[in-house]
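Remarks on the structure that follows.
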Amino acid sequence: MHIAIISVGKLKEKYLKLGIEEYTKRLSAYAKVDLVEVADEKAPENLSAADMERVKQKEGERILAAMKPDQHVVALAIDGEMWSSEKLAQKLDQWATYGKSSVAFVIGGSLGLSDAVMKRADEKLSFSKMTFPHQLMRMILLEQVYRGFRINRNEPYHK
């Protein structure tokens, strides 16, 4: 299986880099993992609604350019469907079984994802109704994907 994590902005915090490296290493036993960072759009502190839309659109264009046509796309969105770890494991298994072995999880910037990216997404996943730093979401997502593979193989880790 090929997993891509497409996200906006450069990872800056050292502790997040270390955590992401660890989970990427652990996942390498189960899948090929690509971490794709697209540039965030520079924006002033106070944005009008039109400016916010412009920023999301520009970042969305970069995200769409980073996607492959055959990828099954899962957008992380606060209004997406909430899955348990077991449900994510089931989805990973279904995607691999039914020819969707290239999956891209998409994490937007601080303003979220553009309408174009949301339209391209095959599924929308929410980890919570709370807002998390988008850089932290990369590590949380990688941990959950790792957990999903461990659940599918009945390997100790979950619980």
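- Here D51 pairs with nothing under the salt bridge (Lys or Arg N to Asp or Glu O under 4.0 Å) rule; sequence neighbours left out.
- Proximity of a side-chain donor or acceptor of D34 to a complementary backbone N or O of A4 within less than 3.5 Å is not detected.
- Closest approach of A89 to G148, counting heavy atoms only: CB-O, 3.4 Å.
- Atom CG of L142 is separated from atom CD of E21 by 11.5 Å, given to the nearest 0.5 angstrom.
- Between atom CD1 of residue I5 and atom OG1 of residue T24 there is a gap of 8.0 Å, rounded to the nearest 0.5 Å.
- Closest of all the heavy-atom pairs between S85 and Q144 is OG-OE1, 2.6 Å.
- Clustering ILVMFWY residues whenever any of their side-chain heavy atoms sit less than 4.5 angstrom apart, transitively, puts I20 in the very cluster that holds F132.
- Listed by chain and residue number, R26 satisfy the side-chain hydrogen bond (donor to acceptor under 3.5 Å, both in side chains) test with E22 (two or more places apart in sequence, or in another chain).
- Listed by chain and number, the residues in a salt bridge (Lys or Arg N to Asp or Glu O under 4.0 Å) with K42 are D40 (sequence neighbours excluded).
- To the nearest 0.5 angstrom, L92 atom CG is 10.5 Å from T97 atom OG1.
- When all heavy atoms of A121 and A75 are compared, the pair lying nearest together is CB-CB, 3.7 Å.
- Note that CD of E86 is 10.0 Å distant from CG of L88, once rounded to the nearest 0.5 Å.
- Residue pairs that meet the salt bridge (charged side-chain N to carboxylate O under 4.0 Å, His left out) test with at least one member in residues 124-145, sequence neighbours left out, are E37-R138, E143-R147.
- Using a 4.5 Å cut-off on side-chain heavy atoms (C-beta onward), H134 and S110 make contact.
- In this structure, OG in S7 is found 9.5 Å from CG in L141, a value given to the nearest 0.5 Å.
- Each of M82 and V74 belongs to its own hydrophobic cluster when Ile, Leu, Val, Met, Phe, Trp and Tyr are linked at side-chain heavy-atom distances under 4.5 angstrom.
- Remark: W95 engages H72 in a ring pair (Phe, Tyr, Trp, His ring centres under 6.0 Å) (not counting sequence neighbours).
- Here the closest heavy-atom approach between residue G80 and residue S126 is recorded as O-CB, 3.4 Å.
- Not one N or O on the side chain of S101 forms a donor-acceptor pair closer than 3.5 Å with the backbone of M1.
- Within the structure, salt bridge (charged side-chain N to carboxylate O under 4.0 Å, His left out) pairs that include any residue of residues 64-83 comprise E81-K87 (at least two apart or interchain).
- With sequence neighbours left out, R54 forms a salt bridge (Lys or Arg N to Asp or Glu O under 4.0 Å) with E41.
- Annotation for D115 and E53: closest pair OD2-OE2, 4.4 Å, computed over non-hydrogen atoms.
- When hydrophobic side chains of Ile, Leu, Val, Met, Phe, Trp and Tyr are connected at separations under 4.5 Å, V38 ends up clustered with I6, V8, V36, I63, L64, M67, V73, V106, L113, V117, M118.
- Its side chain within the 4.5 Å cluster rule, V55 clusters with L47, M52, L111 among the Ile, Leu, Val, Met, Phe, Trp and Tyr residues.
- Residues that satisfy the salt bridge (Lys or Arg N to Asp or Glu O under 4.0 Å) test with K17, not counting sequence neighbours, are absent from this structure.
- Put simply, OG on S102 and CD1 on I3 are 8.5 Å apart, with the number rounded to the nearest 0.5 Å.
- Counting heavy atoms of neighbouring residues, nucleotides and ligands inside a 6.0 Å radius, atom CE of M130 does not exceed 12 of them.
- Cluster annotation: Y15 is connected to I107 through the hydrophobic network of ILVMFWY side chains, with a link wherever side-chain heavy atoms come within less than 4.5 Å.
- In this structure Y146 satisfies the side-chain hydrogen bond (donor to acceptor under 3.5 Å, both in side chains) test together with R150, sequence neighbours excluded.
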Practice task
Carefully, step by step, assess N152 and Y30 under the rule side-chain contact (heavy atoms from CB on, under 4.5 Å).
Solution key: CA-CA 11 Å; N152 286 341; Y30 306 100; over 6 Å; no

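- When the side-chain hydrogen bond (donor to acceptor under 3.5 Å, both in side chains) test is applied to K91, the partners found at least two apart in sequence or on another chain are E123.
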